[in-house]
Amino acid sequence: MRRLKILWFWIIPWGFIKQRCHYLAEGLSRYHDLTIVYQKVSYEALEKVPSSLKFKKVRALPFEQGSTLISAHVASLMWYFQVARDLKVNDMIWFSHPYLFEVVKYVPLKRKLVVYDCADDVLEFSSVAADPNARKVILSIEKKLIQRSSVTFVSSFHLKSLLLERHSVDEDKIFVVNNAVDSAFLVNSDSAEKLPESMEKFFNFKVIKLVYIGAIAEWLDIELILKSLNAFKEIHYFFVGHLYKPLPFHERIHYLGKVKHSLLPEIMRRSDALIMPFKLNRLILAVDPIKMYEYISANKPIIAIAYPEVERFKEFVYFYRNIEEYFTLLKNCIMKNLPPKGGGKQRANFIERNTWEKRVEQVLRILSAVLERNRYHA
C-alpha cells in the first residue's frame with residue numbers, strides 16, 4: 001500500500017484529552033500523510049503535538065449536540081468553505097462523528113476512501129437521547145455516512161451489533177477494533193513522571209484511596225458513591241478527568257482536574273484501588289473503556305460494574321452487579337484483602353496483545369484489504 005494522504009475530521013481539538021483517535025492518528029501518521037481537521041476553540045492543551053501530524057483549525061459554529069437540521073447545515077457550510085481544497089487533494093476522508101459528514105456532502109467522493117471510526121453510540125448521549133429532533137438529525141446523517149463508508153471501525157462488539165441493526169449495512173464493512181493501552185504506559189516504569197506539589201498533597205492522606213480516571217459525566221453512579229461514603233468512613237474518592245457534570249460537595253470527594261496523560265501512571269500507582277462505578281444504560285453497554293486497559297497495566301485492584309462488553313477483562317477485574325457486591329469489595333479493600341487480580345505474566349501478555357501499536361497494525365491490514373477489494377490501486 002502506497003503512502004496515502006488522509007484527512008481526518010475530529011469533533012474535539014488535539015490537546016483536549018488523549019483518546020482513541022489520538023493514538024490511532026499517531027500510529028497511522030507513521031505510514032501515511034495525515035492531516036487532522038478540528039474547530040478552533042480556546043482550551044488548555046494537555047498533550048504535545050507530534051511532528052508527524054499536520055493540523056487544520058477551522059472557524060465555525062459548533063456542531064452542538066441538540067442542533068436543528070438547519071443549524072447543522074450552516075455549521076457544515078462554514079467548515080466546507082475552509083476545507084474544500086483539502087477534500088479534493090486527499091485520498092482518504094476519515095470521520096470521528098456523524099455530524100462531520102455533512103461537511104463533505106457538497107463534494108463528489110467517488111474515488112475517495114471514506115472511513116468512519118465509531119467510538120461510542122452517539123445517539124445515547126443524554127443531550128441527544130432526550131431530544132427527538134437531535135436524535136433524528138444524527139441518525140439520518142449516521143446512516144448516510146455508514147452507507148457511503150468503505151469501512152467502519154467500531155470500538156466494541158455491541159456497537160457493531162447496534163449499527164448493523166440500525167442501518168442494515170453489510171457486516172463485512174464493519175470491523176471491531178477495540179481500544180488499547182500505550183505500550184510505554186507502564187506504572188512500574190522508572191521513568192514515571194512525578195506528581196506536582198498541588199496534586200501530591202492529596203496522596204499523602206493516610207486513607208483508602210479509590211481512584212477514578214476518565215470523564216466525569218452523567219454515567220457516573222453518584223448515588224452509589226455517596227452511599228458508600230456514608231457506609232465507610234475510611235474511604236476517599238479521587239477523580240481525574242474532564243468535568244462535564246459537577247461532583248457533589250463532600251469532604252472525602254477530591255477532584256484533581258484534567259491532567260496530562262504522562263501523570264496517570266503515578267496517580268494509579270498511588271491508589272489503593274482503581275474504580276469504574278458506572279450506571280448501566282444504553283450508552284455504557286456499547287463502551288469498551290480505555291481506562292480498563294490502562295488500569296490493568298497498573299497492577300492494582302480494579303473494581304468495576306459488570307456488563308457483557310467488559311466480561312473479557314474478568315481475569316484482572318473485580319466486578320459487581322449491585323450495591324451489596326460493591327460494598328463487599330470495598331470492605332475487602334479496607335481490610336487489605338483485595339489483592340490485584342491476575343499474575344505478572346498474564347498482565348504482560350495482556351498488554352502485549354492490546355497495545356495501540358497492535359490496533360494500528362490491525363487497521364492497516366483492514367485498509368489494505370479494502371483498498372485492494374475496491375481497486376483503489378493504493
Side-chain angles (χ1 to χ4, degrees), residues 9-12 16-17 19-21 39 41 61-76 95-103 116-147 149 152-169 174 176 178-179 212 214-226 239 241-248 276-292 304-310 321-322:
F9 289 85
W10 283 23
I11 202 74
I12 59 170
F16 183 56
I17 301 173
Q19 300 178 28
R20 170 188 177 91
C21 50
Q39 184 178 337
V41 294
L61 292 173
F63 284 98
E64 295 288 355
Q65 290 182 334
S67 294
T68 65
L69 190 58
I70 293 175
S71 62
H73 286 332
V74 172
S76 64
F95 299 91
S96 62
H97 192 285
Y99 260 148
L100 301 172
F101 188 59
E102 285 288 281
V103 174
Y116 174 34
D117 183 50
C118 180
D120 296 290
D121 184 0
V122 294
L123 295 183
E124 296 302 336
F125 284 101
S126 60
S127 56
V128 176
D131 185 337
N133 183 62
R135 189 179 180 88
K136 182 179 178 181
V137 169
I138 296 179
L139 180 63
S140 173
I141 301 172
E142 184 182 66
K143 183 175 183 177
K144 289 185 287 185
L145 170 56
I146 290 179
Q147 289 178 340
S149 294
T152 295
F153 297 117
V154 293
S155 62
S156 72
F157 290 94
H158 189 76
L159 263 180
K160 179 175 181 176
S161 298
L162 286 175
L163 295 185
L164 288 172
E165 179 182 352
R166 189 178 290 164
H167 301 298
S168 301
V169 293
I174 301 181
V176 177
N178 289 130
N179 290 320
Y212 169 86
I216 295 100
E218 71 269 13
W219 49 80
L220 271 178
D221 194 341
I222 297 299
E223 182 180 358
L224 177 69
I225 290 166
L226 291 175
F239 291 90
H242 185 69
L243 199 65
Y244 290 98
K245 181 179 180 180
L247 288 163
M276 194 177 81
F278 284 172
K279 297 177 184 176
L280 270 193
N281 55 32
R282 290 182 179 179
L283 176 67
I284 294 304
L285 287 173
V287 168
D288 177 41
I290 292 179
K291 65 173 60 61
M292 195 62 71
I305 186 69
Y307 61 98
E309 198 65 40
V310 296
R321 291 166 179 79
N322 51 51

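All of these numbers come straight from a predicted model, not from anything done at the bench. All values below come from the heavy atoms of this structure, side chains included, with hydrogens, waters and symmetry mates left out.
- Between Ser149 atom OG and Glu142 atom CD the span is 10.0 Å, to the nearest 0.5 Å.
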> Step by step, would you call Val128 with Val122 a side-chain contact (heavy atoms from CB on, under 4.5 Å)?
Replying inline: CA-CA 8 Å; Val128 176; Val122 294; over 6 Å; no
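- Residues Leu285 and Phe278 fail the side-chain proximity criterion, which asks for heavy atoms closer than 4.5 Å.
- Summarising the geometry of Val169 relative to Leu164, their closest heavy-atom pair is O-CD2, 3.5 Å, with the distance given to 0.1 Å.
- The existence of a salt bridge linking Glu102 and Lys144 is confirmed by a sub-4.0 Å separation between a basic side-chain nitrogen and an acidic carboxylate oxygen.
- Residues meeting the ring pair (Phe, Tyr, Trp, His ring centres under 6.0 Å) test with Phe157, sequence neighbours left out: none.
- Asn179 places none of its side-chain heavy atoms less than 4.5 Å from the side chain of Pro289.
- The structure places NZ of Lys143 at 8.0 Å from NE2 of His167, a figure rounded to the nearest 0.5 Å.
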> Step by step, would you call Ile17 with Ile12 a side-chain contact (heavy atoms from CB on, under 4.5 Å)?
Replying inline: CA-CA 9 Å; Ile17 301 173; Ile12 59 170; over 6 Å; no
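- For Gln147, there are no side chain to side chain donor-acceptor pair (under 3.5 Å) partners at least two apart in sequence or on another chain.
- Counting only distance, with no hydrogens or angles, the side chain of Ser156 and the backbone of Leu159 share a donor-acceptor pair below 3.5 Å.
- Using a 4.0 Å cut-off between charged side-chain N and carboxylate O, Glu124 and Arg135 make a salt bridge.
- Minimum interatomic distance between Pro277 and Leu224 (heavy atoms only, all atoms of both residues): CB-CD2, 4.5 Å.
- Side-chain contact check for Gln39 versus Ile11: every heavy-atom pair is 4.5 Å or farther apart.
- Nearest heavy-atom pair across Pro98 and Ile141 is O-CG2, 2.9 Å.
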>> Please evaluate residues Leu163 and Cys118 with respect to the criterion side-chain contact (heavy atoms from CB on, under 4.5 Å), reporting the C-alpha separation (whole Å), side-chain torsions for both, the decisive distance (0.1 Å), and the verdict.
In response: CA-CA 10 Å; Leu163 295 185; Cys118 180; 4.2 Å; yes
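- If you take CG on Leu162 and CG on Asp121, they are separated by 5.5 Å, rounding to the nearest 0.5 Å.
- Crowding of Arg166 atom CZ: a count of heavy atoms from other residues, nucleotides or ligands under 6.0 Å exceeding 12.
- Aromatic ring centroids of Tyr116 and Phe95 lie 6.0 Å or more apart.
- Remark: side-chain polar atoms of Tyr307 are not paired, donor with acceptor, to backbone N or O of Ala286 under 3.5 angstrom.
- Side-chain contact between Leu247 and Ile222 is present, with at least one heavy-atom pair separated by less than 4.5 Å.
- Residues His97 and Phe9 fail the side-chain proximity criterion, which asks for heavy atoms closer than 4.5 Å.
- Side chain of Lys160 to backbone of Ile174: a donor-acceptor contact under 3.5 angstrom is found.
- Among all heavy-atom pairs drawn from Pro132 and Ala130, the shortest one is CD-O, 3.6 Å.
- Inter-residue side-chain proximity for Phe153 and Val176 is flagged as unmet; no heavy-atom pair is nearer than 4.5 Å.
- Below 30°, between 30° and 60°, or above 60°: for His242 and Tyr244 the angle between ring planes is above 60°, a perpendicular geometry.
- In Glu218, the CD atom is crowded: over 12 heavy atoms of neighbouring residues, nucleotides or ligands sit closer than 6.0 Å.
- Contact detail for Lys279 and Ile284: the closest heavy-atom pair is O-CG1, 3.3 Å.
- At least one side-chain heavy atom of Phe125 sits under 4.5 Å from a side-chain heavy atom of Trp219.
- Paired with Arg20 under the rule side-chain hydrogen bond (donor to acceptor under 3.5 Å, both in side chains), one option of Asp288, Asn178, Asp117 passes, and it is Asp117.
- Residues Ile138 and Tyr99 are in side-chain contact: their nearest non-hydrogen atoms beyond the backbone lie under 4.5 Å apart.
- Here the shortest heavy-atom pairing between Ser96 and Leu100 reads OG-CD1, 4.1 Å.
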